[in-house]
Every structure is written in C-alpha cells, then in structure tokens.
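Notes for the one structure printed next.
Predicted model only: the values in this text are computed from it and were never measured. Naming convention: chains lettered A, B, ... in sequence-line order (proteins, then strands); numbering from 1 in each chain.
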Protein chains: 2
Amino acid sequence: MLTRMKSAVANFMGGMMAGGSNGDHSGGSDLPLKYPYSRPEFLGLSPDEVECSADHIARPILILKETKRLPWSTGYAEVINAGKSTLNEDQACCEVLVVKRRPTGSSTPNRTTMDRRRSSLPNGEGLGLRENLPTSTLLRPTRCLQQTHETSEDLTFHYWALFDGHAGSGAAVVASRLLHHHIALHLQEVMEILCTPNLLPPTCLGEEPINHHLTPTSQRALTRAASLRGAAGAPGSPSTPPTRFFTEKKVSPESLVIGAIENAFKDMDVQIEKEKAVYNISGGCTALVVVYLLGKLYVGNAGDSRAIIIRAGEVIPMSAEFTPESERQRLQFLAYMQPHLLGNEFTHLEFPRRLHRKEVGKRILYRDFTMSGWAYKTIEDDDLKFPLIYGEGKKARVLATIGVTRGLGDHNLKVHDSNIYIKPFLSCCPEVKVYPLAQSEHGADDVLVLGTDGLWDVLSNQEVAEAVSCFLANCDPDDQHRYTMAAQDLVMRARGVLKDRGWRISNDRLGSGDDISVYIIPLMYGNKQN
Amino acid sequence: MLTRMKSAVANFMGGMMAGGSNGDHSGGSDLPLKYPYSRPEFLGLSPDEVECSADHIARPILILKETKRLPWSTGYAEVINAGKSTLNEDQACCEVLVVKRRPTGSSTPNRTTMDRRRSSLPNGEGLGLRENLPTSTLLRPTRCLQQTHETSEDLTFHYWALFDGHAGSGAAVVASRLLHHHIALHLQEVMEILCTPNLLPPTCLGEEPINHHLTPTSQRALTRAASLRGAAGAPGSPSTPPTRFFTEKKVSPESLVIGAIENAFKDMDVQIEKEKAVYNISGGCTALVVVYLLGKLYVGNAGDSRAIIIRAGEVIPMSAEFTPESERQRLQFLAYMQPHLLGNEFTHLEFPRRLHRKEVGKRILYRDFTMSGWAYKTIEDDDLKFPLIYGEGKKARVLATIGVTRGLGDHNLKVHDSNIYIKPFLSCCPEVKVYPLAQSEHGADDVLVLGTDGLWDVLSNQEVAEAVSCFLANCDPDDQHRYTMAAQDLVMRARGVLKDRGWRISNDRLGSGDDISVYIIPLMYGNKQN
C-alpha cells in the first residue's frame, strides 16, 4: 500500500551520519558519539536507507523487511516528523535476552571483580557501570526468534522498548542500545530467587536457609505465629523455627522484577551522565519498555509514550503519561522545599497566565502543591515570577522549557539564557505496571500496542483499539506479517496524508507532525511460552 | 432491636466532662477546653446521656432521637470503642448553611475590617482567623430541615462530617464545631462567581467585565483566537475584544469549590495550632466531609475514614485512605529532601524489618522513594536506623508513632522520648472527589455511606453495600427512619456482640474494638433540591 522508502529529498540529509555538528543539537561538541546515529537495529537498514528514511516531505513509513522477524511476530512501523528535527529522534529496541545463572555453590557472590565476558556486549562496549559484578556471570543477548541455547539454569526475558528523544538524538540512541543490559544485570542479581518455585525473596541474603526456602504458606504461618507473640521481642519458642524478628514484611517475586526495572532506569541515567564526560550524548529521551518474564508482562514507563492492551476489543491502559500537568504537585512540592532550584526567576505557585506588575494587590486564581482545586490570592511581588508549571495540554512546560517530566538524559538542559537546571525536576524513574499474561487465554487479535506521543496526540485509545481490531479482523490469522501491517496502518492513520493544508487524517483533522513509532505485540504467544 | 442507652458502668465516667486531666491525653494542661467534650450536637444528648454512652462494656449504639431529624433524612449511628480510650474520640457534624452574598455594587470588596456579625457563630466564638474578611457579609448557619430564610442572593450548602480523633479528643471536638464555618468563609469569597450561570471564574478579580462575563463558549473562542496569534505577544486586533494575554488556563466553577474545601482544611489546622496557645486542644483527628452545593456532592477526605456511594447496589468509592503505606513515597521523598526531620534516628529507606548491627555488609531488601518494587542493597551503618515507614496494614506507622498520615491537629506530637516532631510528615490537605448528584436520578435505596475506620476495618465495601441494600429493601420506603435504622444495623455488624472471646461479628470474625461512626445519606433528595 505504501512505498516503503522514498529518496526524493535524500540529498539534503548528506552528512547527517557523520556525527558532530549536524543540526542534531550537539551543541558543537567535539566529543565522539558513543554510538552512531541509526534507525532501530532490527530494521536492518543500510546507511543509505537510513538517510532516505529521513525525508520530511514524503515521510515514508518504515516497516520490518520480510526477511526480518521480531519475537512473537511483533509488528513495528515508524515515520519521521514533518520537519521539527532533522533526524527521527524516536528509537526502538527489541531483544530476547538470556541471563546466565551464577554457578551453584557460590551462594554469596564475590562482588569485587568485573565479568570479563561482558565484552560480548554489542560494539564491544561495556556498561561502564556496576563495577561490583559477580565474577562468573554471563549476560548474552540473542536476537529475534532464533533458538537460544539456554539451559534450565538460565533466565530468558523478552524486551521491547521505545525511546522518544528531544533536543538531540544522543540519549535515545544510547538508551536503545544499553537499557536492556541494565535490566538484565539487575535481574541477574535476583534470578536464583525468581527461578526457585514457591520461594519468597529472603529479606536478607546469606541468612539461614530455613527462612529462605519456605513455601509462601509456611512462611506466612511462621510470620503470623511470630507476630502474635506480641511486641515485646520474646525470642522464638523451641517449637517454632528460629526467627529473629517478629514482623517481617513479605515481598513478592514480582516486586523484585519491578525493582530491577526501576533501578535499571536509574543506572542508565547515571551512565549517560557519566559518559557525557567522554562522549557527545545529546538531549534526553522518554523510555517505554516491556519485559516479559516468567509469564508476566512488566510495562515500565518514564515519559509521555503510552502502552495499551487491546483484549477482545476492550482497552486496558498499561501506562500513564508523565507531563508537567500530571506531575504538577510533585514538581511544586520539590520547588517549595528546594526554592533555590528556581533560581529566583520562577515561582512554585501555578497561575492561569502571566501576571503584570500593575496587577499587584489584585486577587488572582492560583494553585499550590497541596491543591487540586483553585482559589484566589492577593498578588504579591513574588507572584510576578514565571510559574514553574505553565501552559495547558501539549503546550504545558516545566520551567518554560520542557513538556515531559520523566525520562533519561537531559543532564545539561538549562532554562534558556540562565543557569537554572531542569534535571532536578525530571525523574528517571518509571512507573511499572504488571499484566499476568500467562494466567489467561488470548486470541490472535489481542495485542499490546506501544506508541510514542506522535501516535496518541492524534488518536485516542478507543480509536486505536477500533483501528487495530478492525484491521486484524480482516487479515489472515496465520499471516505472520499481520501485526506489522497493522502497525503500518496505525502510523498511516496518525500521520495522515499530505494535502494543501498540511498532513491530514480522518475527518480532516490535523495529522501528527511528530516522529511516530508503534509496536503491535500479539499476546497469544505469551500463553505458548509457558 | 438495640437498647439505645445503657448506664450499667456509667459511674466510672464520673468527672470526664470536667475537662483537664481525665485520661483524655490532655498532658496535664492547665488551659481551658475550647469546647467541652460532648457527642455530636444533632444527637441532642443530655450530659447524663453522654456519660452513659461511654460504656465500654455494653457499648450501646447511639442513634438519632425520633424528635431529631437530619437533612435529607440522613441516618446516623455510633458506638464507643471497647476500651482503647476513655472517651469516644469520633465526632460528627451535620448542618445546612446559608452563605449571604455581599451587597451588590461592591465588586472589589473592602478586605480590611472584620465582619462584626460573625459573633453569630455558635458559642459566640469567632474563627480567630482570616482577619481580612469583607465588611458586609453574613455567615449564618441553620439547623436541620427547617425552612431557611435564604434569598436568591444566598448560597445554601449541606454539610456532613466525621472526625476520628487520636491521642485525645480535643482536635476532633474543635474541628467538628468549626470546620464548616471555614468552608463557608471560603465559599463566600467565590459565591458571586458560583451563583452566576455560565460564568467561568475570572483569572483576576477586578478586570474589565468583558473578560469575566463571557459564556464558556465565547470565552473559549476568544482564548483560541488569541492563542492562534502565536507566541510572540502581539496585541489583540481591533476586531477582537481586548485581551492582554494569549494563553489563559480556564478554571471551572467546580474547581473553586474544591479549592475552598482544601483551603478550609488548611485554615482549620492553622487555627488549631494557634489556639493551642490559649486552649487545651489535645491530639489530632482525621476529617471526612461532604458538601452538597449547586447539584454536586464534594467529598473531602484527610485520613483513613471512607466514603462510598451505593447506587443500584453497585459501589462507587468516593475517597481513598491516607496511611503510612499509601503515602509512603510522599513521606520518603520529604525525608530524603529534609533529612534533619528524621533527627538522626530514622532512615528514609524502607526495609521489611529492623536490621541488626551484625548484619552490616550483607544484602537486604529495601525500597527508596522512587520505587514501588523492591531490590537488594548492601547494609551500611545508616541503615541500622529505624525506618521512617514501618509495619504493615493497620500496624504501619510513620516514625514508629502514628498510623494515619493526613488530618488536623497533632502539632505537638513527637516521637516517644525524642524531640522529633511528627507534624511535618502529616498533611492537613484533603483529597476532594466530586459526584454530579443532580445529573442523574437516584432511587430511595441509593445512598452515600460515610464511616470512620472502625467500620471499614472489619467490613469490606462489598459487605457494607450488601448489608445496606438488603436492609433498605426490607424497609418501608416512606419510613423517614429507615436510613438511621440502616446505619444502626451497620454499626451493629461492625461492632458485633460480646462473647467469651471478645466482640464477634459474622463468621465468628473479630468485631471492631474501635469507635465506629456511620452516616447513611440518601441521594434521592439531591435530585429534589435542584
């Protein structure tokens, strides 16, 4: 239906692959790129094809080549923006990773030397972090659906990710290459616990195994017996196993995976910060990742991309967006407690518009960090400062600068013409939602849709669900390409077609001029894995 | 069914009404009480009856006398605890209030003198706050269903509230007497806006009326036209009305009511703090209030009481509880940013249990403020401090002291045997949820249930919904007492009956030994009011 690649205006892209100052917000950095700019590895594009993909006039929709296949027959499509940045600043990654278990016997890992085999990571790059890895671990990424040589000692997880860059493509490229390895490293730390059936995570590693290897039921009974002894701290009676503490919160294996994803985002962000000293890593990016592990989907989101499950035509939201409006109270609370972060130029209060000096003494609508409603206050001199949160919807900004409040990178981002850093107000922490995939049956048309904000700015959850459901219903259920075709259809619906008055979608609405990237992940394969 | 009042053990209550040191956690204060301890005014109990109600053995369930009636035939019932405090520390208030409009013509109110007529407040007490009131306003509370003499200039609102005190009854008593007046004062400030149909709240009071008295549609059109002019700040063209600003956030009238309730809670808390200098106001309290105004129910909650709507047998939650567990991340974030609040005795990290010095160097499960999952960290000396949040469920505590994290009062509350104040971690700010009551029809069995935690600790939302629906279905629909009988039934189900092994409810579960207070508010009256 659509030409996969057009090269009409490819020439103006000349030199864009060279790195350095090329309109990519590199700020004239003389440092080398950590990774060259490219499109997602799984697309398998040649440098020429990458250049051709960046045609802001034709905006060709890229899909997987027929020779390429993603895990679970995942569909993927993307398109570049209509000119807001030279490069497509979205990035994507999809992998099946195998985490090797530590050799049995080393229950307390030696945490002093670095695994030499980590040089097997892509491009020979290490993670440059976490120097205290166990000595004898192997982290081996595999690609696509090819059979992995895992043993029962291994832990396999599937991984899909979208990154939406801003103010440069550097952070998005680096995160798309490395975030999954950080997740793998954190999962490796707890994989023995995760792989042991009926084991609740021990509170403290290295305790007597009697407290570790209880089934959930016996552990609960033990804790209950202990806590009924009261608060005075009496030791366990001879008839109960030795417990040194009476109340002990039980932690689920699932929450270890959530913690691993959360801390992996943190490590990724720290790595970007550190490596900016030696590499040119421009801008920042949102991150939306899906980890499928031991029968469950974990969706971690930091930014304004979105994930929804479509199940029997019904929408199940799997992420929430983090924007100046959705995070207003967190940001105001931080500014209220650390006013120096506002550099005497901003106020933590929110007003519906800028105020004028001549209005001092009048009564103005405002919101403080404790409020979700509005009230009037008398305007004082301090209120004339620019509000920390200003604008509405897609135009809402933190510190008049940025419209998304979670993600990776942005360590050097400052308010224009000032020394006020934005980063303290940004969070790299994802919110992780869990979907127990293997617990229920899914049909061929039940899917998880991931999209960057270019998709969701112009299509509602309901519109996406209807479009995907309708498209898949008209496909051959056995066609492996149906999910990629559906993704292509979605991108087409969000981009629209170029008319006299710009890109237009259905009902003559404006199409998205942003980069758009979409995964469509069929859920029936999750059942088959377990 | 139940004896309304028993006096078997009334004698041990002797002197409890006198104020001062009587086991009411007054801390031996020599200051006078601001209000004498009592039960809710609408119960109309004599001092003798109040004393008799505090029988911890019989635990009589109090209901409205047949001669008393609450607005909308609201049902109410309460019972004292099984001995955890001498007094019933729950309090309740129900009123219909009329807020008088300022005389027309004073569009910019004179905000320098105090309304002299505020001495019409109960007990001759002023609110002791907000000295900058308009000169010519009247706030006049009315009671029960008697016809109020309001004019079209007035704003009437209905008010129901529950307060659950701790560490003394003082704050709950004061809040039950005054919080509605604070709400009325804040509503008075915006009543002209609220009472004008189709008026969006003006951003700044005292601007040209052309910007104020637009219908929502024309205001939206105006704003859109203005913002399309772009970001450069070009003044309005002659063909459009003069607007000095292009982007201006629109604020709904509803959000003014929410803001009024939020700020009223804040003022109430400040008043308690200030008046502790001259009165003995012991302890703190949660607050759950319902305001019915102009066709909408506003449910404001600060604490662990709960409100649910039961509509056609289905539950609609109208509040969320604020506890150390539900507010963990807010509390940890505050402690992380202001570590001095922990007095070098606590750590902001959460661990599943206390740690021992000999465990330093081992790996322990922890959660930081950014995490909802768990991970392992190496134990350091600092981790041996007591965790800011500790315990599970009803036993969870902030700073090892308090199990509820929002409410009024508690200004003097400290960690035992230390100088560490709890108050910085507590919030007096309610979360306000809105239910558009007048927009839909409600039957006689559709109700709003408010209960203190004594109810919800032992009965689930579903159990309450089933009990109430079943009870009301078996009542005469025209019986004005059916809601009070249903409330009595609920309290009975939560308290249970005294057996050999304590208070027992259905399925031989433990009944609540806490104070229990319940409103059942029929919703059909909301339709009739509009």
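If you measure heavy-atom distances from A:F351 to chain B, you find no contacts under 4.5 Å at all. There is no contact between A:E431 and chain B, counting heavy-atom distances below 4.5 Å.
Per-residue heavy-atom pair counts under 4.5 Å with chain A were compared for B:P352, B:S427, B:C429, B:G259, and the maximum is reached by B:P352. Looking only at heavy-atom pairs under 4.5 Å with chain B, the residue among A:I364, A:I379, A:I258 that has the most is A:I364. Between chain A and the options B:S252, B:S372, B:A375, the largest number of non-hydrogen pairs under 4.5 Å is found for B:S372. Interface check for chain A: of the options B:E254, B:K266, B:E392, B:K249, the most heavy-atom pairs under 4.5 Å are formed by B:K249.
Between the side chain of A:R406 and the backbone N or O of A:A287, no donor-acceptor pair lies under 3.5 Å. Panel note: side chain B:N301, backbone B:V432; no donor-acceptor pair is recorded below 3.5 Å. A:E359 contributes a side-chain N or O that, together with a main-chain N or O of A:H356, makes up a donor-acceptor pair within less than 3.5 Å. Checked by atom type and distance alone, the side chain of A:T378 never pairs as donor or acceptor with a backbone atom of A:G361 at under 3.5 Å.
Here CD1 of B:I193 is found 3.5 Å from OH of A:Y376. Values are rounded to the nearest 0.5 Å.
Looking at A:K377 and A:D368, no side-chain N of the basic residue comes within less than 4.0 Å of a carboxylate O on the acidic one, giving no salt bridge. A salt bridge does not link A:R367 to A:E325: none of the charged side-chain nitrogens sits closer than 4.0 Å to a carboxylate oxygen.
Contact residues of residues 329-339 of chain B toward chain A are B:R330, B:F333, B:L334, B:M337, B:Q338 (heavy-atom distance under 4.5 Å).
Using modelled atom types and a 3.5 Å distance limit, the side chains of B:H186 and B:D267 yield a donor-acceptor pair.
In this structure, the salt bridge (Lys or Arg N to Asp or Glu O under 4.0 Å) partners of B:K423, at least two apart in sequence or on a different chain, are B:D269.
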